[in-house]
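Input: a single structure, listed below in structure tokens.
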Amino acid sequence: MSIAILYHTSIAGASSIKNVAEEYAATHKAPIAPVAVLPISDGGKGFLDAIEASHGGCRRVSVTVRDRHLAPKETSYLISHDGKSAYIEADAICGYDPADSGSNPATTFTHGIGEAIADALSHNCRNFVIGINHLATIDAGLGALNALGYKMLTHDGTELRLYRGSEMLRVTSVTYSKKSLALKRCRFTIACNDDAAFYASTGPARRNARNLGSNEVTADILDNGLRNMASIYFKHNGRDVSYATACGAGGGLAGAFVSFFNARLKPATEIVPGSKCLCETLKQASAAVMICPDLSPTVVSSPAFLTLITAIKRSGTSLYCMAQSIEDMPMLHSLGIDNITHSANPADDLMPLLDKITHKKSD
């Protein structure tokens, strides 16, 4: 028998999980085949780690960008082995931090994401894959676009002073520079697990603004601002992102990239690991262990999670879940997930679980 282990790279002790799996595979002889270990990501924290683990030959490039408060921040992105593709983790640049008392999606910025893209452009990258889950911003991508050479103008033709969510209602038109023209020859893929529309009840302002530090009034302002930006983007690019699924991901950043660069929006699980690699691994496995930070209603109902569950079900592989936090057991059971283990330290509890699975299969 063989066992596939899918582990979330943002989980505590993620680096040890692969070591435990390799130790287990090394100490068990036939008929147990080697354990296959595949990293998974929702496009948020750990996205680059997952790419690095599943795509060989990538190199890290250090860069200084501006964080969500426009302060200088040291971060990095990945360039593929052929030098053509760049992988960027937006969470590492302007992700949400619950400990940050100054967090407010109306007054935070996405410039750093655009700056990372611009740096990769200078390294001759023309294909970009950007993970955008768990951002602290709701600005329709204004900051990122500005860092890439676009200018937003107000009704009197002057440039917007601050590129942030609270200013979206003031924008009436868009201009671009020679710097931004180079982006027309690039390909963008946005990796996320958020199916939010650009605005309205299923948009980021209605869904997430209060969780990110704003009040009801600010959420209304942001939602109206997103409506305005959808209209401005349509007028400028001819692409309507108003209600398209997932265009509201990253506080509207996904919709901005769809509108300006015709970006593809894909669940992160189709990128990390590649869906073909995942399906091939599951085909050969008799059991799969999925290790997640938490199994909450939000996670369980996300497109990324459902994509994984669907792939595992189609393969006919037995599924075992391990999570540090479990909130909705009935919902998990309704999806046919019955073998669930709560673990504060998955790396420590993985070996006993693998033994349990092995003995159960041999019986």
Side-chain angles (χ1 to χ4, degrees), residues 1-11 13-42 46-47 49-56 191 193 266-295 299-300 302-324 326 332-343 345-363:
M1 64 169 291
S2 63
I3 301 173
I5 298 176
L6 314 174
Y7 70 99
H8 201 294
T9 47
S10 68
I11 200 166
S15 58
S16 300
I17 289 171
K18 187 173 182 179
N19 295 335
V20 172
E22 289 173 349
E23 180 186 345
Y24 180 86
T27 56
H28 286 71
K29 298 179 180 180
I32 300 170
V35 177
V37 185
L38 296 175
I40 57 176
S41 171
D42 60 4
F47 178 65
D49 294 333
I51 291 290
E52 205 165 28
S54 59
H55 293 65
N193 73 337
K266 298 182 70 174
T269 46
E270 292 187 14
I271 299 168
V272 188
S275 54
K276 183 178 180 181
C277 174
L278 174 64
C279 291
E280 287 301 316
T281 300
L282 291 174
K283 239 186 249 182
Q284 298 169 28
S286 50
V289 178
M290 186 159 60
I291 306 174
C292 312
D294 66 282
L295 290 173
V299 170
V300 173
S302 70
F305 187 87
L306 294 175
T307 298
L308 268 177
I309 295 301
T310 300
I312 292 169
K313 281 186 174 180
R314 282 177 180 168
S315 70
T317 306
S318 300
L319 173 62
Y320 296 79
C321 280
M322 181 183 286
Q324 292 174 307
I326 303 170
L332 292 167
H333 289 323
S334 71
L335 292 172
I337 305 172
D338 298 316
N339 301 305
I340 305 167
T341 303
H342 176 267
S343 173
N345 300 293
D348 292 341
D349 295 330
L350 179 56
M351 190 77 79
L353 178 59
L354 292 175
D355 278 332
K356 176 184 175 182
I357 294 169
T358 303
H359 292 143
K360 185 174 181 180
K361 291 293 179 182
S362 60
D363 291 344

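Note that the coordinates shown come from a computational prediction; the quantities given were computed from them, not determined experimentally.
Nearest heavy-atom pair, Val20 versus Ala347, reported as atom, atom and distance to 0.1 Å: CG2-O, 3.5 Å. Considering every non-hydrogen atom in both Val299 and Phe305, the closest pair reads O-CB, 3.1 Å. Closest of all the heavy-atom pairs between Ala21 and Val37 is CB-CG2, 3.4 Å.
Judged as a salt bridge (Lys or Arg N to Asp or Glu O under 4.0 Å), the pairs with a partner in residues 281-294 (not counting sequence neighbours) are, in order, Glu280-Lys283.
When the side-chain hydrogen bond (donor to acceptor under 3.5 Å, both in side chains) test is applied to His333, the partners found at least two apart in sequence or on another chain are Asp338. Residues that satisfy the side-chain hydrogen bond (donor to acceptor under 3.5 Å, both in side chains) test with Thr317, not counting sequence neighbours, are Ser315. Every side chain to side chain contact (heavy atoms under 4.5 Å, CB included) that Asp349 has, sequence neighbours left out, goes to Met322, Ser343. Listed by chain and number, the residues in a side-chain hydrogen bond (donor to acceptor under 3.5 Å, both in side chains) with Gln324 amount to none (sequence neighbours excluded). In this structure Asn19 satisfies the side-chain hydrogen bond (donor to acceptor under 3.5 Å, both in side chains) test with no other residue, sequence neighbours excluded. Evaluation of the side chain to side chain contact (heavy atoms under 4.5 Å, CB included) rule for Asp355 yields Tyr24, His28, Met351, His359 as partners, not counting sequence neighbours. Residues forming a salt bridge (Lys or Arg N to Asp or Glu O under 4.0 Å) with Lys313 (at least two apart in sequence, or on another chain): none. Qualifying side chain to side chain contact (heavy atoms under 4.5 Å, CB included) partners for Ser10, counting only residues two or more places apart in sequence or in other chains: His8, Lys45, Pro293. For the side chain to side chain contact (heavy atoms under 4.5 Å, CB included) test, residues two or more places apart in sequence or in another chain that qualify with Ala50 are Thr9, Pro39, Ser41, Val272.
Expressed to the nearest 0.5 Å, how far CD1 of Ile357 lies from CD1 of Ile3 amounts to 5.0 Å. Summarising the geometry, atom CD1 belonging to Ile326 is positioned 6.0 Å from atom CD1 belonging to Ile340; distances are rounded to the nearest 0.5 Å. Within the model, atoms CD of Glu270 and CG of Leu308 stand 10.0 Å from one another, a figure rounded to the nearest 0.5 Å. Annotation: the span from Asn339 atom CG to Met290 atom CE amounts to 12.0 Å, rounded to 0.5 Å. The line from CG of Leu6 to CG of Leu278 is 6.0 Å long, rounded to the nearest 0.5 Å. Atoms CD1 and CG, on Ile309 and Leu335 in that order, are 6.5 Å from each other to the nearest 0.5 Å.
Ile5 is listed as a side-chain neighbour of Leu350, based on a closest heavy-atom distance under 4.5 Å. Within the 4.5 Å cutoff, no side-chain heavy atoms of Ile337 are placed close to those of Val300. When side chains are defined from C-beta on, Cys321 does not count as touching Leu332, because their heavy atoms never get closer than 4.5 Å.
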